[in-house]
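The structure under discussion appears below in the form of structure tokens.
For clarity, every value in this text was computed on a predicted model and none was experimentally measured. So you know, we letter chains A, B, ... as the sequences are listed, proteins then strands, and number each from 1.
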Number of protein chains: 2
Amino acid sequence: MIKGSLSVFIVLVALTCSTAKPDEKPMKKEKMKPQTLSRGWGDQLIWAQTYEEALFWARSRNKPLMIIFHLSDCPHSQALKKAFASDETIQNLADKDFILLNLVFETTDQHLSPDGQYVPRILFVDPSMTVRADIVGRYSNRMYAYEPSDMKLLLSNMQKAKMFVKAEL
Amino acid sequence: MIKGSLSVFIVLVALTCSTAKPDEKPMKKEKMKPQTLSRGWGDQLIWAQTYEEALFWARSRNKPLMIIFHLSDCPHSQALKKAFASDETIQNLADKDFILLNLVFETTDQHLSPDGQYVPRILFVDPSMTVRADIVGRYSNRMYAYEPSDMKLLLSNMQKAKMFVKAEL
């Protein structure tokens, strides 16, 4: 019974940010650092630029795609980014077995927002182009949200996404 | 008559690359430099990441969008990039009056390939979301291709794209 209760979804209270207002375009400084594709989620990882590109790589390399929706001015996104970028196990698994995409702007594919558009939110897409809406976090009202304390769950979900692809071969 | 002949389109002979094979995903090195959004087309400029994002900024800031399609392993793209990045007048105008996007992967919007998918190719989109298929380079068989020697024409086309927006106000 105690173990069973672990699988009960927790309701997330205001730990995500709305995407109604996208990031402000960065203000130009005197000498700007070039913007990176990683945006701080892992400078040593290879990131796709667009959803179309990411889908192409997922299909051609038969790897699951991991999409991180975030906003630079959202404190919950920032906190998750810090945990994600500093977690070596996750970074290594992401590097080895995933096609990676982080987006500050929504795509037109509604399958990528099964329960709404909010950030941070992480979705997996398998190489057959199916959004894995079944791979969820622990919050029943924001099913694809993760907190910094959810890194073990995220790792387990990444393994689930990877196993599914292997099992299909 | 002599002046008139200047407006005659020239046929471009193999000065563009096909996009049939997109860029190879960059190979991981021991210590990789983070990928940049500029990809060398102007590190000091602000670049949109995706077409959707670029359209959003074009509309909300009432600025024309300039899209550069290129490939990192295409020598003609590389040559144009070098000329583009080192042309101060173009860089300043791009910075001040344009929403910028460079893509190594085609979008699903067929309006962005009026005469085919090739690189390098530069298209303008006005803030009302209309692709300016009328703003062309000098090659009749690759109407949106530019060579390093075409920087004056590109500048003039940027001014045309900008003037059209101002005139519409």
Side-chain angles (χ1 to χ4, degrees), chain A residues 19-61 63 67-72 85 91-92 94-96 98-109 112 117, chain B residues 19-61 63 67-72 85 91-92 94-96 98-109 112 117:
Chain A
T19 58
K21 275 196 177 182
D23 274 13
E24 264 306 294
K25 208 181 171 196
M27 292 304 290
K28 193 81 186 288
K29 289 175 198 164
E30 204 46 53
K31 180 78 179 171
M32 197 179 75
K33 271 192 184 173
Q35 302 153 275
T36 61
L37 270 178
S38 75
R39 283 197 168 97
W41 289 85
D43 282 352
Q44 292 307 302
L45 303 176
I46 292 169
W47 296 87
Q49 180 180 353
T50 65
Y51 186 40
E52 292 86 353
E53 183 184 354
L55 287 176
F56 174 84
W57 290 120
R59 195 200 301 245
S60 63
R61 306 215 158 185
K63 286 185 175 182
I67 308 180
I68 303 170
F69 290 92
H70 65 109
L71 285 176
S72 62
Q91 291 279 308
N92 287 339
D95 181 29
K96 193 164 157 266
F98 285 80
I99 302 300
L100 300 166
L101 176 65
N102 75 79
L103 290 174
V104 293
F105 209 88
E106 294 290 335
T107 70
T108 52
D109 186 350
L112 293 179
Q117 295 181 346
Chain B
T19 58
K21 274 194 176 182
D23 274 15
E24 262 307 293
K25 206 180 172 197
M27 291 304 289
K28 193 79 187 289
K29 289 175 197 163
E30 203 48 53
K31 181 78 179 172
M32 197 180 75
K33 271 192 186 175
Q35 301 153 276
T36 61
L37 269 178
S38 75
R39 284 197 167 95
W41 290 85
D43 282 352
Q44 293 304 302
L45 303 177
I46 292 169
W47 296 87
Q49 180 180 354
T50 65
Y51 186 39
E52 292 86 354
E53 183 185 354
L55 287 177
F56 173 84
W57 290 121
R59 196 200 301 246
S60 62
R61 307 215 156 187
K63 286 185 176 184
I67 308 180
I68 303 170
F69 291 92
H70 65 109
L71 285 175
S72 62
Q91 291 278 309
N92 287 338
D95 181 30
K96 194 165 157 265
F98 285 80
I99 303 300
L100 300 165
L101 176 67
N102 75 79
L103 290 173
V104 293
F105 208 88
E106 294 289 337
T107 71
T108 51
D109 186 350
L112 293 178
Q117 295 181 345

| task | Apply side-chain hydrogen bond (donor to acceptor under 3.5 Å, both in side chains) to Asp109(A) and list each qualifying residue two or more places apart in sequence or on a separate chain. | result | Tyr51(A), His111(A)

| note | Bottom line for Thr108(A): the part with an atom under 4.5 Å from chain B's heavy atoms is both

| task | With Thr50(B) as reference, evaluate Val104(A), Leu101(A), Thr50(A), Thr107(A) under the side chain to side chain contact (heavy atoms under 4.5 Å, CB included) test and give the passing residue. | result | Thr50(A)

| query | Which pair of heavy atoms, one from Asn102(B) and one from Gln49(A), lies closest together, and at what distance? | reply | O-NE2, 2.9 Å

| said: Ile46(B) vs Met32(A), test: side-chain contact (heavy atoms from CB on, under 4.5 Å). Steps then yes/no. | reply: CA-CA 9 Å; Ile46(B) 292 169; Met32(A) 197 179 75; 3.9 Å; yes

| message | Distance check, rounded to the nearest 0.5 Å: Leu37(A) atom CG versus Leu37(B) atom CG? | response | 4.5 Å

| Expected output: side-chain Gln35(A) to main-chain Trp47(B) donor-acceptor under 3.5 Å | yes

